[in-house]
Visitor: 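Pasting in a structure now, in structure tokens, and then I'll have a few things to ask.
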Amino acid sequence: MNSTDLIAVAVLVALFWLYRNLDSIKEFINEQFFDDDPALGVNSSGSRDLAEVLRENDKNYLVLFGSQTGTAEDYAKKFGKELTARFQLRVMVADLENYDFESLNDLPDNMPVTFVISTYGEGDFPDGSVNFEQFLNELDEGDDALNSLRFSIFGLGNTTYEFFDGAARKALDKLQAAGANLIGRLGEGDDGAGTTDEDYMTWKEETIDLLQKELDLQEDENKDYQPSFNFTQLNEITEKTSLGEPSKQYLPSETLQYNAEGKQRGPFDLNQPFIAPIIESHELFESPERNCIHTEFDISGSEITYETGDHLAIWPSNSNETVAQFLKVFQLNPDEIFDLKAKDSTMKLPFLSPTTIGAVVRYYLEITGPISRQSLGLLVNYAPASIKDHIVKLSKDKDLFATELLKPKYNLADALLSLNNGEPWNNVPWLLLIEMLPKLLPRYYSISSSSLSEPNTIHATSIVENTANNITGINTTGVTTNLLRHISLSRSNNKFSEIEQMPVHYDLNGPRNLFTDSHLPIHVRHSTFRLPKNSNVPVIMIGPGTGVAPFRGFIRERYAQVTKQNIDLTTLGKMILFYGSRDNNDYLYKDEWIEYGNILQDKFEIDVALSRVQEKKVYVQHRIMERKSEITDLLNKGAHIYVCGDAGRMAKDVQRSIVTILSETKNITESEAQEIVKAMKVAGKYQEDIW
């Protein structure tokens, strides 16, 4: 046998060995290169072909989500988990961002697909779902390109916006026009009414009933919780162990990349934030009862850029008090070290692993949100025997649930302690809590600075949520706003008594002292909330309370155009700001407006509604109506309208005022005036940044 023959035999032997050990090799690769990172481990083959990935992983049901802030992802996972638990379906839950859709009509065995899609802004798809939107737009209506597709769909939106659930409705129309077959009805969760969870529950129950009949599904008699992850307890913390780091790049085992200025390199986004120093933080209110914090983050040298009108994402942590309460109710040891491995290669880990229970509860789980009826239902089997019947009743009766648990604004831990007379729930599996609770996500704030005026700093303006709860006696506190206040007070040497009086407190040093000396993780989310490109277009801004934040940025932009770029004042359009506050104690940035007015002269005017300084309350919509002639004149000159703040009442009242003005001054019906406003929104001439 010559050398060539020997090489050929060796190659054949090697190929045979690879074939026999393929599964072991794939498992090793996943463990080494994917499972350590929660952003990886999903579709480890790297294919973007849906049908191919589903066949490779032997799936028979698909759930696709498009999520802007994580809520749609959370509901998609809940839906997939329930299908798996009840019917033993092999469900793949996937982000629309990660796949192409040319094979959507060729799924294995014509498997059904459930879409869970949130709406961002005025009827837009989430940022990560742009490729899916493009696919839908390129479909030819009536050509039956998706005639084999059976689908259900749940949308998340807010009825205070003009185009409620716009993304899900667009997806539904496009899919049906291409021949796809809808199972059931479009589900629509309304965050504006605060009914998203109940809307989902109603839609889910209807849809699962239909799926059960259509697919002839047999419900599994064993309904015990089956975890999606393998849990391994560890004995020591290493450089690979997460103690709450916001992303893998900040672990000691990783090598951070730095630029020439010694700042960490990006890109910085929802997967990896920038640890930004806070260089200025102070109280804006003069009232001792309420607080509003002005915070400035230094982004110099970080390669982060923003545009005036963008949003700042601040990554929070849970407070010491809420962490202690959570650990108490479930009898958890915060120092326990563990590792997770996904049982399903198409799943990703919910957070960095290995880690500790304490780190997960403080940095990775949303433990302060309101308890949901679905979550309570998942805990029925682990309820103490003495209250189990009542828990079952609460989980099935939405009115009783609303009265006993939603009205008091309980979070999960508070609710369970209240139901069990202050005693813990000892038997709830830790892995169930991990899968049941949503991730702790960044909070978004309208940037109150101008990229032209201060390109190296980002300003945020935040009212501190600290509301007394007369039912429970436990204050309702905002996670991020109280953190920002704690940082602000810690920067002043004489604020110790105020810190002690705070309802909640935080570990300001962060994991491995990552946040020491007033640092927090941040990233920028780009927005369409923009000044007109033509600076001679008039601008009408309406922003009571912290709704004034982006308008401070807008006005500082114009201020910088005059003071830095020497733009002629006569070429600028007029800017009117309708601002509202309770009284002079919470009149935000009141000294600054005078300075802006001195420079911008008659090109800037602020009209203030102090609602509580007279017997009859006066709000921004009243000020608008008082100046309807001037508003009409500005609209005739092509003025853009911007509204920022409360979506529940203020935004509706403002729009109603604009509709009334258009109706009266143009001598048209209110419905015709409403169509004008809708057309302005479509054209970007009436923009809202509301919540």
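In what follows, residues are counted from 1 in the order of the sequence shown.
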Visitor: For Q331, is there any backbone N or O sitting under 3.5 Å from a side-chain donor or acceptor partner on N426?
Guide: no
Visitor: Would you find a donor on one side and an acceptor on the other, under 3.5 Å apart, between the side chain of E435 and the backbone of S228?
Guide: yes
Visitor: If you draw a 6.0 Å radius around NZ in K328, do more than 12 non-hydrogen atoms from other residues or ligands fall strictly inside?
Guide: no
Visitor: Stepwise, does the side chain to side chain contact (heavy atoms under 4.5 Å, CB included) test hold for I371 with F401?
Guide: CA-CA 10 Å; I371 184 173; F401 178 84; 4.1 Å; yes
Visitor: Would you please name every residue forming a side-chain contact (heavy atoms from CB on, under 4.5 Å) with T195, sequence neighbours left out?
Guide: D190, A193, D199
Visitor: I'd like to know whether E283 forms a side chain to side chain donor-acceptor pair (under 3.5 Å) with S488, so could you lay out the CA-CA distance, the side-chain angles of the two residues, the decisive distance to 0.1 Å, and finally the verdict.
Guide: CA-CA 8 Å; E283 176 66 60; S488 181; over 6 Å; no
Visitor: For Q374 and S372, which I'm curious about, is there any donor-acceptor pair between the side chains at under 3.5 Å?
Guide: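 S372 and Q374 do not have a side-chain donor-acceptor pair below 3.5 Å.
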Visitor: Tell me, please, which residues at least two apart from Y363 pass side chain to side chain donor-acceptor pair (under 3.5 Å).
Guide: none
Visitor: What are the two closest heavy atoms between S527 and D310, and how far apart are they?
Guide: N-OD1, 2.8 Å
Visitor: Quick check: does any side chain N or O of S492 sit under 3.5 Å from a backbone N or O of N494, one acting as donor and the other as acceptor?
Guide: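 It does not hold such a pair.
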Visitor: How close do Y258 and R265 get, heavy atom to heavy atom, and via which atoms?
Guide: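 Closest approach of Y258 to R265: C-CG, 3.5 Å.
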Visitor: Rounded to the nearest 0.5 Å, how far apart are CD1 of I337 and CG of N235?
Guide: 7.0 Å
Visitor: Report yes or no: is the cationic atom of K78 (NZ for Lys, CZ for Arg) closer than 6.0 Å to the six-membered ring centre of Y75, at no more than 45° off its axis?
Guide: yes
Visitor: Mark yes or no for whether Y250, through its side chain, and P273, through its backbone, hold a donor-acceptor pair below 3.5 Å.
Guide: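 It does hold such a pair.
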Visitor: Okay, side chain of H519, backbone of T516: is any donor-acceptor separation there less than 3.5 Å?
Guide: yes
Visitor: Are Q68 and D127 close enough that a side-chain donor and a side-chain acceptor fall under 3.5 Å?
Guide: yes
Visitor: Can you name the residues that form a salt bridge (charged side-chain N to carboxylate O under 4.0 Å, His left out) with K393, not counting sequence neighbours?
Guide: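 For K393, no residue satisfies salt bridge (charged side-chain N to carboxylate O under 4.0 Å, His left out) once neighbours in sequence are set aside.
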Visitor: Below 4.5 Å, heavy atoms only, C-beta onward: do Y506 and P316 meet side chain to side chain?
Guide: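 Not touching, per the 4.5 Å side-chain cut-off.
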Visitor: Quick check against the 3.5 Å criterion: does D95 have a side-chain atom that pairs as donor or acceptor with the backbone of N98?
Guide: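 Looks like no, no N/O pair under 3.5 Å.
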Visitor: Between T84 (side chain only) and R90 (backbone N and O only), is there a donor and an acceptor less than 3.5 Å apart?
Guide: no
Visitor: Taking the six-membered ring where the residue is Trp, are the ring centres of F330 and F326 under 6.0 Å apart?
Guide: yes
Visitor: How long is the straight-line distance from CD1 of I278 back to OG of S518, given to the nearest 0.5 Å?
Guide: 5.5 Å
Visitor: Give me the atom names and distance for the closest heavy-atom approach of A76 to F65.
Guide: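 The answer is CB-CB, 3.7 Å.
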Visitor: So, using side-chain contact (heavy atoms from CB on, under 4.5 Å) as the criterion, who are the partners of A549 when residues are at least two apart?
Guide: S446, S448, T461
Visitor: State whether a side-chain donor-acceptor pair under 3.5 Å links E321 with H505.
Guide: yes
Visitor: Considering only heavy atoms from C-beta outward, does the side chain of V464 approach that of R290 to under 4.5 Å?
Guide: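 V464 does not reach R290 side chain to side chain.
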Visitor: So do Y410 and P408 actually touch side chain to side chain, heavy atoms under 4.5 Å?
Guide: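 Of all side-chain heavy-atom pairs linking Y410 with P408, at least one is under 4.5 Å.
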Visitor: Could you go through the side chain to side chain donor-acceptor pair (under 3.5 Å) check for T114 and Y61 one step at a time?
Guide: CA-CA 8 Å; T114 294; Y61 200 99; 2.7 Å; yes
Visitor: Tell me whether the NZ or CZ atom of R525 lies within the 45° cone about the ring axis of Y444 and under 6.0 Å from its centre.
Guide: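 Yes; both conditions hold, so R525 lies above the ring face of Y444.
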Visitor: Please enumerate all residues that pass ring-ring contact (aromatic ring centres under 6.0 Å, His included) together with F268, with sequence neighbours excluded.
Guide: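 F268 satisfies ring-ring contact (aromatic ring centres under 6.0 Å, His included) with F274 once adjacent residues are dropped.
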Visitor: Go through E296 and H282 one step at a time and tell me if the side chain to side chain donor-acceptor pair (under 3.5 Å) criterion holds.
Guide: CA-CA 9 Å; E296 299 182 10; H282 59 265; 5.7 Å; no
Visitor: Would you check, one step at a time, whether the test side chain to side chain contact (heavy atoms under 4.5 Å, CB included) holds for T481 with I293?
Guide: CA-CA 8 Å; T481 56; I293 305 300; over 6 Å; no
Visitor: Tell me whether K263 at atom NZ has more than 12 heavy atoms from other residues, nucleotides or ligands lying less than 6.0 Å away.
Guide: yes
Visitor: Going by salt bridge (charged side-chain N to carboxylate O under 4.0 Å, His left out), name the pairs with one or both residues in residues 374-389, residues two or more places apart or in two chains.
Guide: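 Sorted result for residues 374-389: empty, none.
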Visitor: Taking the side chain as every heavy atom from C-beta outward, state whether I487 and L508 have any pair of such atoms under 4.5 Å apart.
Guide: yes
Visitor: Show your reasoning for whether salt bridge (Lys or Arg N to Asp or Glu O under 4.0 Å) applies to R512 and E245.
Guide: CA-CA 8 Å; R512 293 186 171 94; E245 284 82 359; 2.7 Å; yes
Visitor: Is the shortest side-chain heavy-atom distance between L484 and H486 below 4.5 Å?
Guide: no
Visitor: Between L520 and I275, does the side chain to side chain contact (heavy atoms under 4.5 Å, CB included) criterion hold? Intermediate values first, please.
Guide: CA-CA 5 Å; L520 280 180; I275 309 299; over 6 Å; no
Visitor: For residues P354 and F338, determine if any side-chain heavy atom of one lies less than 4.5 Å from a side-chain heavy atom of the other.
Guide: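 Side-chain contact under 4.5 Å: no.
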Visitor: Nearest 0.5 Å please: distance from the NZ atom of K343 over to the OG1 atom of T346.
Guide: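 Here the interatomic distance stands at 14.0 Å.
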Visitor: Please confirm whether the backbone N or O of D191 pairs with a side-chain atom of T196, one donor and one acceptor, at under 3.5 Å?
Guide: yes
Visitor: Mind listing the closest non-hydrogen atom pair of G66 and A72 along with its distance?
Guide: O-CB, 3.4 Å
Visitor: Measuring from T477:OG1 to R485:CZ, what's the distance to the nearest 0.5 Å?
Guide: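 Going from the OG1 atom of T477 to the CZ atom of R485 covers 12.0 Å.
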Visitor: Hey, is the main chain of G422 close enough, under 3.5 Å, to the side chain of N420 for a donor-acceptor pair?
Guide: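 Checking the backbone N and O of G422 against the side chain of N420, no donor-acceptor pair under 3.5 Å is found.
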Visitor: Dump the intermediate steps for side chain to side chain donor-acceptor pair (under 3.5 Å) on N57 and S345, then the final yes or no.
Guide: CA-CA 8 Å; N57 292 279; S345 63; 2.6 Å; yes
Visitor: Using only atom types and a distance under 3.5 Å, with no angle test, would you say the side chain of Y445 pairs donor to acceptor with the backbone of H459?
Guide: no
Visitor: Quick check: closest heavy atoms across S395 and G377, and the distance to 0.1 Å?
Guide: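 For S395 and G377, the tightest heavy-atom pair comes out as CB-CA, 3.8 Å.
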Visitor: Once rounded to the nearest 0.5 Å, what's the spacing between atom CG of L378 and atom CD of E82?
Guide: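 L378 atom CG to E82 atom CD measures 7.5 Å (nearest 0.5 Å).
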Visitor: Measuring only between side-chain heavy atoms, which start at C-beta, is E366 closer than 4.5 Å to L437?
Guide: no
Visitor: Please examine the side chains of P277 and D517, heavy atoms only from C-beta on, and report whether any two atoms are closer than 4.5 Å.
Guide: no
Visitor: Check T355 against T241 and note the closest heavy-atom contact, atom names and distance.
Guide: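 Of all heavy-atom pairs spanning T355 and T241, the closest is CA-CG2, 3.9 Å.
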Visitor: I314 and side chain to side chain contact (heavy atoms under 4.5 Å, CB included): which partner among I458, T480, V479?
Guide: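 Going through the options one by one, the only one that passes is T480.
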Visitor: Any chance you could measure D197, atom CG, to R373, atom CZ, to the nearest 0.5 Å?
Guide: 8.0 Å
